[in-house]
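So the structure is just underneath, and the comments pick up after that.
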Amino acid sequence: MVQIDLTVATPEVLKKYFIGSLLSGGGVVPAPRASAEIWVNTVNGLQNGSLSTRLGIPMIYGIDAVHGHNNVYNATIFPHNVGLGATRQSCRSWSEKIRILLQVGKACERSKFQRLDPLLVRRIGEATALEVRATGIPYVFAPCIAVCRDPRWGRCYESYSEDHKVVQAMTEIIPGLQGDIPAGFPKGVPFVDYYGTKVAACAKHFVGDGGTHKGINENNTVIDYHGLLSIHMPAYYDSVIKGVSTIMVSYSSWNGKKMHANYDLVTKFLKNYLKFRGFVISDWQGIDKITNPPHANYSYSVQAGVLAGIDMVMVPYNYTEFIDDLTYQVENNIIPMSRIDDAVRRILRVKFTMGLFEHPLADLSLAHLVGCKMHRELAREAVRKSLVLLKNGQSPEEPLLPLPKKTPTSILVAGSHADNLGYQCGGWTMTWQGQGGNNITSGTTILDAIKATVDPTTNVVYTENPDLDYVRDGSFSYAIVVVGETPYAETAGDSLNLTIPFPGQTTIQNVCSVIDCVVVLISGRPVVIEPYVPVIGALVAAWLPGTEGQGVADVLFGDYGFTGKLSRTWFKNVDQLPMNVGDENYDPLFPFGFGLTTHPVNAR
Ligand SMILES: O=[N+]([O-])c1ccc(O[C@@H]2O[C@@H](CO)[C@H](O)[C@H](S[C@@H]3O[C@H](CO)[C@@H](O)[C@H](O)[C@H]3O)[C@@H]2O)cc1
């Protein structure tokens with residue numbers, strides 16, 4: 001029932017205290033730029049501590065692989081979920097063309113009824129599972145199935161969409177991570193295919209994490225029961241049916257009741273009504289935060305959290321305090337042994353069904369898959385499909401995109417995010433909060449992708465923040481301006497103004513007021529852009545694309561067409577928020593489901 005962080009774990013601690021689980025918190029690694037071999041040896045060393053206990057029950061090691069194996073150097077970093085929610089099946093398939101023509105009598109490209117692309121996220125789950133297993137880890141705290149209803153929330157980019165139907169479709173990542181449930185396998189029972197290539201998944205954060213007041217992280221979700229069940233709960237139905245192994249409780253409250261202390265929703269609804277048979281895990285110090293201030297009454301936190309139905313507690317540091325307090329409360333009949341039996345039964349059920357008893361130790365047979373070309377190509381495809389074209393030229397008759405690869409004069413690339421791998425990956429990348437720079441891991445910046453895509457005779461000039469005179473004097477054929485948000489995670493990302501940080505706005509003005517420009521926005525959510533739309537030639541929402549920036553250039557220059565559709569409403573100004581599709585007085589700058597399309601122009 002105890003999960004501790006790697007930073008306080010040793011084989012001796014695991015043996016002495018019978019620790020059932022370990023985790024790497026955001027950015028927690030065995031060593032800087034640790035190789036797969038170091039990871040495997042570290043995890044195996046700790047596992048041997050658990051295996052040397054009387055019963056030899058293996059521990060389960062969990063990590064946040066939220067857009068690829070994002071703690072691990074050289075791993076493939078996929079687009080964050082906000083971008084994956086924008087992906088649609090290509091109109092290049094005849095079946096899609098015919099289906100839409102029959103359904104709505106429109107050409108596929110002109111229809112917003114293009115089907116979502118759950119197969120893509122399934123494939124991403126498969127690739128992520130392989131890279132996680134390559135490092136000896138069998139459990140990931142993903143997918144986040146939050147339905148973000150206010151982009152002011154610092155975790156909105158971890159949510160696939162404001163629309164629960166999109167989020168429900170994206171739960172297809174669970175069979176990608178865990179494997180397909182065999183025919184006849186009972187519903188609601190955790191399932192992880194073995195053969196060492198799949199991992200246990202974790203649907204999070206239960207429930208209503210994306211609906212908090214003004215998007216304030218870990219705050220209060222004020223909504224009636226019908227609203228909770230119709231907006232924030234549906235994806236948990238899908239997750240349970242797909243055999244998700246674990247579910248993480250949200251820090252947030254529902255109508256003032258902390259989710260970590262909510263017996264009615266965690267036990268009566270999730271366990272008894274939905275028949276979820278895996279285990280429920282707390283969030284990091286989640287039971288501490290039942291009280292305000294956190295840890296103010298730890299005995300109450302332990303009692304409320306465990307009695308609510310939490311099976312495993314992500315302590316993750318003060319494990320002796322937790323163990324002593326829980327033991328005391330069981331020995332004094334404050335917490336019944338039946339509750340402990342239920343928790344332990346669920347934890348053992350997951351460990352047994354995923355083969356952890358038979359195969360508790362990892363090997364290096366998958367190490368070559370970390371950041372492998374096949375996975376990077378999949379990530380590049382996901383980047384292409386996640387891009388949403390919001391404006392294409394000052395009139396439909398004069399589209400700016402796709403851009404010509406061969407130009408008579410130089411191409412100007414500008415912006416703080418054009419040559420910054422860390423910025424294009426966003427938060428939860430190598431560190432918890434993410435960071436800027438090009439040496440954080442391996443990948444392709446958008447600038448390098450542009451240079452690799454244009455004609456060899458075309459000159460590309462990069463200036464991060466050019467002034468007006470520079471642009472005027474440069475006689476450039478056109479410009480690509482890449483700006484946006486700098487990396488953040490959780491509360492650090494909460495924003496009431498949602499403005500593009502300096503100097504992004506200035507760069508847009510200086511460049512786009514002089515020459516034809518394409519603005520590529522790197523952001524975890526819609527940001528304030530309306531004032532600049534008139535001067536912008538073409539506008540692309542690229543979200544947080546990850547390491548494979550080549551996917552952006554593939555579409556800008558016409559090797560592939562734009563197919564993405566907004567997974568989130570793009571507001572005109574923040575005073576409109578919260579504003580979601582289906583609301584009365586729905587008055588967006590760009591509505592949910594919007595996205596212009598282009599056709600590939602270069603034969604491949
Ligand atoms: O030392 N300090 O000052 C400090 C401050 C804040 C911390 O806060 C903590 O730091 C992060 C990095 O260690 C942790 O990940 C969590 S967040 C939580 O963690 C889970 C496991 O990683 C994820 O699956 C969940 O989805 C997420 O909600 C917490 O916010 C930690 C340390």
Side-chain angles (χ1 to χ4, degrees), residues 2-9 21-30 60-72 80-82 128 132 137-148 153-160 173-174 177 199-212 215-219 221 235-236 239 244-253 258-260 278-290 293-295 305 310 312-319 426-435 487-494 524:
V2 182
Q3 184 178 71
I4 66 175
D5 187 73
L6 175 64
T7 52
V8 297
S21 180
L22 263 67
L23 89 147
S24 279
V28 176
V29 296
I60 183 170
Y61 196 115
I63 197 165
D64 292 284
V66 293
H67 61 143
H69 201 0
N70 45 257
N71 278 25
V72 173
H80 266 297
N81 288 350
V82 64
T128 301
V132 170
I137 296 171
Y139 176 30
V140 296
F141 305 125
C144 175
I145 56 174
V147 181
C148 173
W153 186 35
R155 305 193 73 164
C156 205
Y157 65 77
E158 296 183 61
S159 166
Y160 291 106
I173 194 171
I174 292 170
L177 289 166
V199 294
C202 178
K204 69 185 187 180
H205 310 81
F206 185 82
V207 64
D209 51 347
T212 57
I216 300 168
N217 191 41
E218 305 183 16
N219 205 261
T221 295
Y236 285 94
S239 300
V244 73
S245 297
T246 72
I247 289 176
M248 186 183 293
V249 180
S250 176
Y251 285 125
S252 58
S253 301
K258 285 278 186 178
M259 279 308 306
H260 274 75
F279 69 76
V280 173
I281 184 169
S282 80
D283 205 334
W284 176 288
Q285 297 175 335
I287 65 169
D288 306 56
K289 294 181 175 180
I290 289 173
H295 205 267
I310 291 172
M312 181 175 287
V313 173
M314 189 184 294
V315 180
Y317 297 135
N318 56 322
Y319 51 91
W428 291 103
T429 309
M430 301 311 293
T431 63
W432 175 39
Q433 290 293 319
Q435 57 195 321
Y488 54 80
E490 301 184 41
T491 306
D494 285 1

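Along the sequence shown, residues carry numbers from 1. Whatever order the structure lists them in is the order used to number ligands and atoms, beginning at 1. Please read these numbers as outputs of a predicted model, since none were measured by experiment. All heavy atoms count here, side chains included; hydrogens, waters and symmetry mates do not.
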Of all protein heavy atoms, the one nearest atom 1 (O) of ligand 1 is Tyr317 OH, 4.8 Å
Is it true that the side chains of Tyr139 and Thr246 contain a donor and an acceptor less than 3.5 Å apart? yes
Within-shell test, Glu158 vs ligand 1, heavy atom, strictly < 4.0 Å: no
Checking side-chain contact (heavy atoms from CB on, under 4.5 Å) for the pair Glu218/Asp283: CA distance, chi angles, key distance, verdict? CA-CA 11 Å; Glu218 305 183 16; Asp283 205 334; over 6 Å; no
Identity and distance of the protein heavy atom lying nearest atom 17 (S) of ligand 1: Glu490 OE2, 2.8 Å
What atoms of ligand 1 come within less than 4.0 Å of a heavy atom belonging to His205? 25 (C), 26 (O), 28 (O)
For ligand 1, which is the ligand I care about here, please tell me if Lys204 has any N or O atom under 3.5 Å from one of the ligand's N or O atoms. yes
Mark yes or no for whether His295, through its side chain, and Lys289, through its backbone, hold a donor-acceptor pair below 3.5 Å. no
Do any nitrogen or oxygen atoms of Asp283 lie less than 3.5 angstrom from nitrogen or oxygen atoms of ligand 1? yes
Passing option when Thr128 is tested against Asn70, Leu177, Val66, Ile173 for side-chain contact (heavy atoms from CB on, under 4.5 Å): Leu177
Atom 12 (C) of ligand 1: nearest protein contact (heavy atom, Å): Gly26 N, 3.2 Å
Out of curiosity, Gln285 CD to Ile290 CD1, how far, rounded to the nearest 0.5 Å? 12.5 Å
Can you check whether a protein heavy atom sits less than 4.0 angstrom from atom 3 (O) of ligand 1? no
Relative to ligand 1, is Arg155 under 4.0 angstrom through side chain, backbone, both or neither, heavy atoms considered? side chain
Backbone or side chain, does any N or O of Asp64 fall under 3.5 Å from an N or O of ligand 1? yes
Consider only side-chain N and O atoms of Tyr61 and Ser24, and report whether a donor and an acceptor are under 3.5 Å apart. yes
May I ask you to identify the nearest protein heavy atom to atom 8 (O) of ligand 1, giving residue, atom name and distance to one decimal place in Å? Trp432 CH2, 3.7 Å
Determine the interplanar angle of the Phe206 and Tyr236 rings, folded into 0 to 90°, and report it as parallel if under 30°, tilted if 30 to 60°, perpendicular if over 60°. perpendicular
What do we get for Gln285 next to ligand 1 when only non-hydrogen atoms under 4.0 Å count, side chain, backbone, both or neither? neither
Out of curiosity, Asp64 CG to Trp432 CH2, how far, rounded to the nearest 0.5 Å? 11.0 Å
Nearest heavy atom to atom 31 (C) of ligand 1, choosing from Tyr251, Trp428, Phe141, Trp284, belongs to Trp284
About how many Å separate CD of Glu490 and CH2 of Trp428, when rounded to the nearest 0.5 Å? 5.0 Å
With under 30° as parallel and over 60° as perpendicular, where do the rings of His67 and His80 fit, or are they tilted in between? parallel
With atoms numbered from 1 as shown, which atoms in ligand 1 lie under 4.0 angstrom from a non-hydrogen atom of Leu23? 21 (C)
Evaluate the 4.0 Å heavy atom contact test for atom 28 (O) of ligand 1: does a protein atom fall under the cut-off? yes
